[in-house]
Amino acid sequence: MLGIGFIHFHYSPQIRQIHAMNILIVHAHPEPTSLTRSLVDESVGALQAQGHAVALSDLYAMRWKAVFDAHDFPARKNHERLCFITESGHAYSTSQQTADVESEQRKLLAADAVILQFPLWWFGMPAILKGWVDRVFAYGLAYGYRGEGNRYRYGAGGLQGKRALLSVSVGGPAEDYGMRGINGPLDQLLFPITHGMLFFAGMDVLPTHAIYGSGRVTAARVAAEKSAWRQRLAGLFDEAPIPFRRQNDGDYPDGHVLADHVAAGLSGLVAHIERVPRP
Ligand SMILES: Cc1cc2nc3c(=O)[nH]c(=O)nc-3n(C[C@H](O)[C@H](O)[C@H](O)COP(=O)(O)OP(=O)(O)OC[C@H]3O[C@@H](n4cnc5c(N)ncnc54)[C@H](O)[C@@H]3O)c2cc1C
């Protein structure tokens, strides 16, 4: 379970420990006193108290390069034209990626669970975190696993066996994000992340943890939210993941489109979630 960059907690004999896991927290907020950051600190403390090893990627503090560009490929395969997928696969398979990307991939590969903690910005993640995914989720690792294109995706792939969880501070009130709320359901707004990035790469994704109305919190509310977050973290390895349909379990006979009898009458994003999870 030991991973490079993980801080190991030396727990006392009084603390009951069943399985010590490696957990990577990727944090995207520039302000050290932010609500988001205080929840990150809560995560580190709570997970270490459970006996887990925690690695933290504090992207702003690391001055993470958010933009995926030609500088990501110091040893190009094709100097005539920049094809990101070709160069990503080449750099990954020949160990010629940049040092910052390699370091994050080591943390990712060592992790049993990955927690992304961020404020909701324009219905998505801050650009610096999107840039972490763009650059770290290389071809051959998070997509194009084993160089086989789309054969391994949506529940299969290089990150299979890992858990993932989003912890999001949301400015708007919960009612704006309900099924008929003006913003649309948060789960659907974040589908590109939960389904399109994390599940795509093979991870089991837990239901998103959101703190709504985050711009107007009191100290009492923060304490209650921290307590609720600790509860979620206590179930990190027990909670059932979102039952997204897996590409290779039969629901998509051609690997592209749902079979007619699957989710009959449903279309759009919700069709890709099983209503009754498989045992
Ligand atoms: C570019 C941008 C885009 C946005 N897009 C959206 C959007 O699409 N949808 C949406 O709903 N919202 C949106 N927002 C709002 C955003 O989601 C919130 O500003 C954010 O979630 C607040 O979290 P934070 O960590 O930044 O909180 P902070 O700004 O750090 O804090 C929020 C409040 O909590 C207080 N506070 C912080 N820590 C504590 C503590 N420990 N104890 C007591 N009080 C504390 C602060 O004083 C402040 O009043 C957007 C904001 C920006 C800047």
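Values reported hereafter were calculated over all heavy atoms of this structure, with side chains retained and with hydrogens, waters and symmetry mates removed. In what follows, residues are counted from 1 in the order of the sequence shown.
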Novice: Picking from Arg81, Lys77, Arg76, what satisfies salt bridge (charged side-chain N to carboxylate O under 4.0 Å, His left out) with Glu87?
Specialist: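 Testing each of Arg81, Lys77, Arg76 against Glu87, the sole residue satisfying salt bridge (charged side-chain N to carboxylate O under 4.0 Å, His left out) is Arg76.
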Novice: Quick check: do Trp229 and His209 have side-chain heavy atoms less than 4.5 Å from each other?
Specialist: yes
Novice: Report the C-alpha distance between Glu175 and Ile182 in whole Å, list the side-chain angles of each, state the deciding distance to 0.1 Å, and finish with yes or no for side chain to side chain contact (heavy atoms under 4.5 Å, CB included).
Specialist: CA-CA 8 Å; Glu175 57 265 36; Ile182 190 165; over 6 Å; no
Novice: So do Leu190 and Leu120 actually touch side chain to side chain, heavy atoms under 4.5 Å?
Specialist: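 The answer is yes, as the side chains (C-beta and beyond) meet within the 4.5 Å cut-off.
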Novice: How close do Asp254 and Val257 get, heavy atom to heavy atom, and via which atoms?
Specialist: OD1-N, 2.9 Å
Novice: Looking at every heavy atom in both Ala138 and Gln105, which two are closest together, and how far apart are they?
Specialist: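 Between these two residues, the closest heavy atoms are CB-NE2, 3.5 Å.
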Novice: Taking the side chain as everything from C-beta on, heavy atoms only, tell me whether Val168 gets closer than 4.5 Å to Pro119.
Specialist: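 No, side chains not in contact.
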Novice: Tell me whether Lys162 at atom NZ has more than 12 heavy atoms from other residues, nucleotides or ligands lying less than 6.0 Å away.
Specialist: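 Yes, the 6.0 Å shell around NZ holds more than 12 heavy atoms from other groups.
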Novice: What distance do Trp132 atom CH2 and Leu59 atom CG have between them, rounded to the nearest 0.5 Å?
Specialist: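 Answer rounded to 0.5 Å: 8.0 Å.
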Novice: Can you classify the ring geometry of Phe73 versus Phe84 as parallel (below 30°), tilted (30 to 60°) or perpendicular (above 60°)?
Specialist: perpendicular
Novice: Output the distance between atom CG (Leu141) and atom OG (Ser93), rounded to the nearest 0.5 Å.
Specialist: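 OG of Ser93 is found 12.0 Å from CG of Leu141.
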Novice: With under 30° as parallel and over 60° as perpendicular, where do the rings of Tyr152 and Tyr145 fit, or are they tilted in between?
Specialist: perpendicular
Novice: With no hydrogens and no angle check, is any side-chain donor or acceptor of Asn183 less than 3.5 Å from a backbone partner on Leu186?
Specialist: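 Pair absent, no side-chain N/O of Asn183 close to backbone of Leu186.
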Novice: Are the side chain of Arg163 and the backbone N or O of Glu239 linked by a donor-acceptor pair below 3.5 Å?
Specialist: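 Confirmed, Arg163 side chain pairs with Glu239 backbone.
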Novice: Same cluster or not: are Val67 and Val136 linked, directly or through other Ile, Leu, Val, Met, Phe, Trp or Tyr residues, by side-chain heavy atoms under 4.5 angstrom apart?
Specialist: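 No; Val136 is not reachable from Val67 via cluster members.
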Novice: So how far is it from Gln50 CD to Ile23 CD1, rounded to the nearest 0.5 Å?
Specialist: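 Separation between the atoms: 7.0 Å.
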Novice: State plainly whether one hydrophobic cluster holds both Met125 and Leu269, where clusters connect Ile, Leu, Val, Met, Phe, Trp and Tyr through side-chain heavy atoms under 4.5 angstrom apart.
Specialist: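 Yes, because Met125 and Leu269 connect within a single hydrophobic cluster, where side-chain heavy atoms sit under 4.5 Å apart.
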Novice: Mind checking whether Arg275 and Leu266 have side chains closer than 4.5 Å, heavy atoms only?
Specialist: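 Yes, side chains in contact.
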Novice: Determine whether a donor-acceptor pair (N or O, by modelled atom type, separation under 3.5 Å) exists between the side chain of Ser88 and the backbone of Tyr139.
Specialist: yes
Novice: Inspect the surroundings of CG in Asp260 and state if more than 12 heavy atoms from other residues, nucleotides or ligands are less than 6.0 Å away.
Specialist: no
Novice: Looking at every heavy atom in both Lys107 and Ala55, which two are closest together, and how far apart are they?
Specialist: CD-CB, 4.1 Å
Novice: Rest of the hydrophobic cluster containing Leu258 (Ile/Leu/Val/Met/Phe/Trp/Tyr, side-chain heavy atoms under 4.5 Å)?
Specialist: Tyr252, Val262
Novice: Might you work through the side chain to side chain contact (heavy atoms under 4.5 Å, CB included) test for Asp58 and Val26, ending with a clear yes or no?
Specialist: CA-CA 6 Å; Asp58 182 346; Val26 186; over 6 Å; no
Novice: Taking the side chain from Gln96 and the backbone from His90, do they hold a donor-acceptor pair closer than 3.5 Å?
Specialist: no
Novice: Under the 3.5 angstrom rule, does the side chain of His52 hit a backbone N or O of Met21 as a donor-acceptor pair?
Specialist: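 Checked: pair present.
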Novice: Distance-only, no hydrogens or angles: does the Ser43 side chain make a donor-acceptor pair with backbone N or O of Leu39 under 3.5 Å?
Specialist: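 Answer holds: yes.
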Novice: Taking NE2 in His71 as the centre, count heavy atoms belonging to other residues, nucleotides or ligands within less than 6.0 Å. Is the count above 12?
Specialist: no
Novice: Ion pair present between Arg245 and Asp251, side-chain N to carboxylate O less than 4.0 angstrom?
Specialist: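 Answer for the salt bridge query: yes.
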Novice: To the nearest 0.5 Å, tell me how far Leu206 CG sits from Phe237 CZ.
Specialist: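 Between atom CG of Leu206 and atom CZ of Phe237 there are 9.0 Å.
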Novice: Aromatic rings His272 and Phe191: how do their planes relate, parallel, tilted or perpendicular, breaks at 30° and 60°?
Specialist: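 It falls in the tilted class, 30° to 60°.
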Novice: Under a 4.5 Å cut-off applied to non-hydrogen side-chain atoms, are Leu165 and Thr208 in contact?
Specialist: no
Novice: Distance-only, no hydrogens or angles: does the Asp249 side chain make a donor-acceptor pair with backbone N or O of Arg246 under 3.5 Å?
Specialist: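 No, because the side chain of Asp249 does not come within donor-acceptor range (under 3.5 Å) of the backbone of Arg246.
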Novice: With rounding to the nearest 0.5 Å, note down the distance linking CD1 in Ile273 to OG1 in Thr194.
Specialist: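 Going from CD1 on Ile273 over to OG1 on Thr194, the span is 7.5 Å.
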Novice: Less than 4.5 Å apart, any side-chain heavy atom of Ile25 and any of Val114?
Specialist: no
Novice: I'd like to know if the side chain of Ser227 reaches the main chain of Ala223, judged simply by a donor and an acceptor atom lying under 3.5 Å from each other, with no hydrogens or angles considered.
Specialist: no
Novice: Minimum heavy-atom separation for Pro207 to Ala240, with atom names?
Specialist: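 Shortest heavy-atom contact: CD-O, 3.7 Å.
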Novice: Quickly, which of Gln117, Arg232, His27 forms a side-chain hydrogen bond (donor to acceptor under 3.5 Å, both in side chains) with Ser167? Name it, please.
Specialist: Gln117
Novice: Leu159 and Ile85: same hydrophobic cluster, using ILVMFWY side-chain contacts below 4.5 Å?
Specialist: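 Yes, it is one cluster - the side chains of Leu159 and Ile85 are joined through contacts under 4.5 Å.
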Novice: Go through it in stages, so that I can follow the logic: the residues are Glu31 and Arg37, the test is salt bridge (Lys or Arg N to Asp or Glu O under 4.0 Å), and I'd like the CA-CA distance, side-chain angles, deciding distance and then a yes or no.
Specialist: CA-CA 7 Å; Glu31 171 54 50; Arg37 175 68 208 212; over 6 Å; no
Novice: What are the two closest heavy atoms between Ala66 and Ala127, and how far apart are they?
Specialist: CB-O, 4.0 Å
Novice: In the structure I gave you, are the side-chain heavy atoms of Asp72 and Lys65 within less than 4.5 Å of one another anywhere?
Specialist: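 Yes - at least one pair of side-chain heavy atoms lies under 4.5 Å apart.
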Novice: Are Arg135 and Asp100 close enough that some pair of their side-chain heavy atoms sits under 4.5 Å apart?
Specialist: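 Arg135 reaches Asp100 side chain to side chain.
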Novice: Determine the minimum heavy-atom distance between Asp238 and Ala234, stating which atoms define it.
Specialist: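 That would be OD2-O, 4.1 Å.
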Novice: Where the side chain of Asn248 meets the backbone of Arg151, is there a donor-acceptor pair that is under 3.5 Å apart?
Specialist: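 Yes; judged by distance alone, with no hydrogens or angles, the pair exists.
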Novice: Examine distances only and state if a side-chain atom of Gln247 and a backbone atom of Asn150 form a donor-acceptor pair shorter than 3.5 Å.
Specialist: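 Flag set: sc Gln247 to bb Asn150 pair under 3.5 Å.
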Novice: So if I apply the side chain to side chain contact (heavy atoms under 4.5 Å, CB included) rule between Ile193 and each of Leu166, Val133, Val205, which one comes out positive?
Specialist: Leu166
Novice: At what distance, to the nearest 0.5 angstrom, does NZ of Lys130 lie from CZ of Phe68?
Specialist: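 Lys130 atom NZ to Phe68 atom CZ measures 10.0 Å (nearest 0.5 Å).
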Novice: Report the C-alpha distance between Tyr177 and Tyr212 in whole Å, list the side-chain angles of each, state the deciding distance to 0.1 Å, and finish with yes or no for side chain to side chain contact (heavy atoms under 4.5 Å, CB included).
Specialist: CA-CA 9 Å; Tyr177 292 93; Tyr212 293 101; 3.7 Å; yes
